[in-house]
Protein chains: 2
Amino acid sequence: MNNDQLIRITRYYRSLNRLKTIGLEKVFAHNLADAAGVSAAIVRKDFSQLGIHGQKRGGYEIHDLLVSLGEILGKGDSQNCIIIGCGRIGKALMHYNGFEPDGIRIVAGFDSDPLVYSDASHPVPIYPISRIDEVVEALQVTAGIITVPEQAASDSYERLLKAGVMGILNFSPITLKPQATEDGKMPVVHNINIALELEQIFYELKFPKVK
Amino acid sequence: MNNDQLIRITRYYRSLNRLKTIGLEKVFAHNLADAAGVSAAIVRKDFSQLGIHGQKRGGYEIHDLLVSLGEILGKGDSQNCIIIGCGRIGKALMHYNGFEPDGIRIVAGFDSDPLVYSDASHPVPIYPISRIDEVVEALQVTAGIITVPEQAASDSYERLLKAGVMGILNFSPITLKPQATEDGKMPVVHNINIALELEQIFYELKFPKVK
DNA sequence: CTATTTATGTGAAAAAGTGTACATTAACTC
DNA sequence: GAGTTAATGTACACTTTTTCACATAAATAG
């Protein structure tokens with residue numbers, strides 16, 4: 001499955017959940033297309049490729065779709081995250097409760113500042129960065145969120161990889177590039193650069209697409 | 001200019017700034033390719049399309065490149081932002097100092113809670129959401145960052161558009177879709193969905209690309 | 001029961017994006 | 001100053017992604 005397709009599928013999944021809570025039972029390719037911002041043909045082709053079939057004229061059963069897509073997306077597996085860097089953004093993410101519906105759990109935070117990691121007034125425990133290996137092992141952590149300042153980003157990245165955390169969501173302005181580890185495994189890195197997003201927005205405002 | 005290209009250009013721009021501070025004066029397509037995670041041919045093609053020319057064997061002058069790309073990216077224009085929703089994430093963004101180097105300024109926050117907007121202990125003033133039109137006008141705001149809970153996202157979006165803010169960076173889990181306003185203008189919307197990113201990471205970990 | 005409508009499923013065409021190869025030019029070497 | 005090396009610039013081929021068009025099946029209507 002390619003990257004764009006994966007994004008679309010996670011979007012379908014979310015939209016379906018929302019439609020389900022509204023009480024709908026069936027959905028048409030066109031609906032999901034609207035929700036995900038793509039064309040209906042793509043939705044059908046995506047499902048077709050994944051072996052998901054609807055009923056001619058009847059559309060797709062939301063429940064079945066959710067089950068199928070859920071399996072594909074690995075719902076039900078343990079999806080435990082840690083946060084490296086418990087500054088304002090790190091703490092904000094700890095308190096964010098929008099992860100639970102997706103089965104994602106923030107299980108610990110890490111910081112280099114004793115004042116921070118001795119503070120127990122947070123939803124999850126914060127440890128000194130030196131204890132990362134031990135905690136990752138104990139809590140079965142599979143992904144880490146990097147919310148440290150620019151100059152500490154590479155170090156955090158390396159520590160995560162060394163601890164065996166192969167999924168990385170990086171909020172620092174450095175673009176981290178995945179590189180195979182010694183044992184041949186390839187980390188999965190997503191970089192979110194807020195300043196970059198804003199820059200792009202300003203650009204697009206300045207030079208609107210004519211299309 | 002297409003979207004992917006725009007992302008690459010902002011990346012080139014950042015890398016160039018970094019290289020410049022290190023003291024370099026020239027750069028080769030290959031360097032920028034590494035920095036932006038693309039091939040050298042693409043870098044050359046990008047520049048070629050933009051009318052930027054290097055010297056055979058000599059590469060590109062960093063200074064000239066920065067000027068050219070800076071013009072393209074609209075550096076020097078006022079890039080004023082407001083934050084809608086001053087919860088933990090909104091406040092974290094207010095305190096974030098990674099915007100300045102890019103000429104982006106957070107100039108105000110908005111919230112619906114009197115306890116929040118009467119609190120003056122923040123880097124920028126926080127106003128009640130009802131005053132958005134007035135503030136946008138006075139401070140020449142061109143972009144807004146939405147960091148409100150899911151159920152308030154659409155409302156915030158509409159208020160921004162109504163106030164004439166056409167650039168939107170949305171952190172709420174709702175995917176906001178740009179739709180032409182009454183006067184025919186098309187807003188620019190970027191959605192950042194953290195849970196979605198994590199989901200994708202977990203998926204990619206589960207089903208590594210063979211490639 | 002036949003005709004019509006509506007939505008899926010998919011092959012083929014079109015479009016977009018990327019990589020390859022090589023001609024071209026500039027600098028350096030001897 | 002001839003030869004070699006290093007990097008740009010671009011035509012062309014290749015791959016990937018999207019759209020188009022239409023055959024197909026199910027439901028509905030008369």
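Computed over heavy atoms, backbone and side chain alike; hydrogens, waters and symmetry mates excluded. In what follows, chains carry the letters A, B, and so on, assigned in the order in which the sequence lines appear, proteins first and then strands, with residues in each chain numbered from 1. Please read all numbers here as calculations on a predicted model, not as lab measurements.
Following rounding to the nearest Å, A:Tyr60 (OH) and D:dA26 (C1') show an atom-to-atom distance of 14 Å. Going from atom CG of A:Asp46 over to atom P of C:dT10 covers 13 Å, rounded to whole Å. The distance from atom CD1 of A:Ile52 to atom C1' of C:dT10 is 16 Å, rounded to the nearest whole Å. Distance, A:Leu6 CG to D:dT17 P: 13 Å, rounded to whole Å. Protein atom CG of A:Leu32 is 13 Å distant from nucleotide atom P of C:dA7, rounded to whole Å. One interatomic measurement links the two molecules: CZ of B:Phe28 to C1' of D:dG9, which rounds to 16 Å at whole-angstrom precision. Between the P atom of D:dT18 and the CD atom of A:Gln49 lies a distance of 10 Å, rounded to the nearest Å. When the P atom of D:dT8 is taken as reference, atom NZ of B:Lys26 falls 11 Å away, rounded to whole Å.
Annotation: side-chain hydrogen bond (donor to acceptor under 3.5 Å, both in side chains) contacts of A:Gln79 (sequence neighbours excluded): none. Among residues two or more places apart in sequence or in another chain, the side-chain hydrogen bond (donor to acceptor under 3.5 Å, both in side chains) test is passed with A:Asn191 by A:Asn170. A search for side-chain hydrogen bond (donor to acceptor under 3.5 Å, both in side chains) contacts involving A:Glu197 returns B:His190, not counting sequence neighbours.
Of the residues in residues 14-22 of chain B, none has a non-hydrogen atom less than 4.0 angstrom from any atom of DNA chain C.
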Inset, instruction - Dump the intermediate steps for side-chain contact (heavy atoms from CB on, under 4.5 Å) on A:Cys81 and A:Ile104, then the final yes or no. - result: CA-CA 7 Å; A:Cys81 277; A:Ile104 294 165; 4.1 Å; yes

Inset, instruction - Do nucleotides 17-26 of chain C as a string where each nucleotide becomes B, S or -: B if the base has a protein heavy atom under 4.0 Å, S if just the sugar-phosphate does, - if no protein is that close. - result: SSBBB--BBB

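For the pairing with A:Arg14, the side chain to side chain contact (heavy atoms under 4.5 Å, CB included) check across A:Asp102, A:Leu19, A:Leu69, A:Ile9 returns one residue only, A:Asp102.
Between B:His53 and the phosphate of D:dG9, there is a side-chain N or O to OP1/OP2 separation shorter than 4.0 Å. In terms of phosphate contacts, B:Ser48 brings a side-chain nitrogen or oxygen within less than 4.0 Å of OP1 or OP2 of D:dT10.
Using a 4.0 Å heavy-atom cutoff across all strands shown, A:Phe47 reaches no nucleic acid atom at all. Nucleic acid contact class of B:Ala29 (heavy atoms, under 4.0 Å, all strands): sugar-phosphate only.
Applying the salt bridge (Lys or Arg N to Asp or Glu O under 4.0 Å) definition to pairs two or more places apart or across chains, those involving residues 1-11 of chain B are B:Arg8-B:Asp46.
Side-chain atoms of A:Met166 and A:Thr142, non-hydrogen and from C-beta on, never get closer than 4.5 Å to each other.
Between B:Phe110 and B:Tyr127, the ring planes are tilted. Angles from 30° to 60° get that label.
Checked against a 6.0 Å centroid threshold, the rings of B:Phe28 and B:Tyr60 do not count as neighbours.
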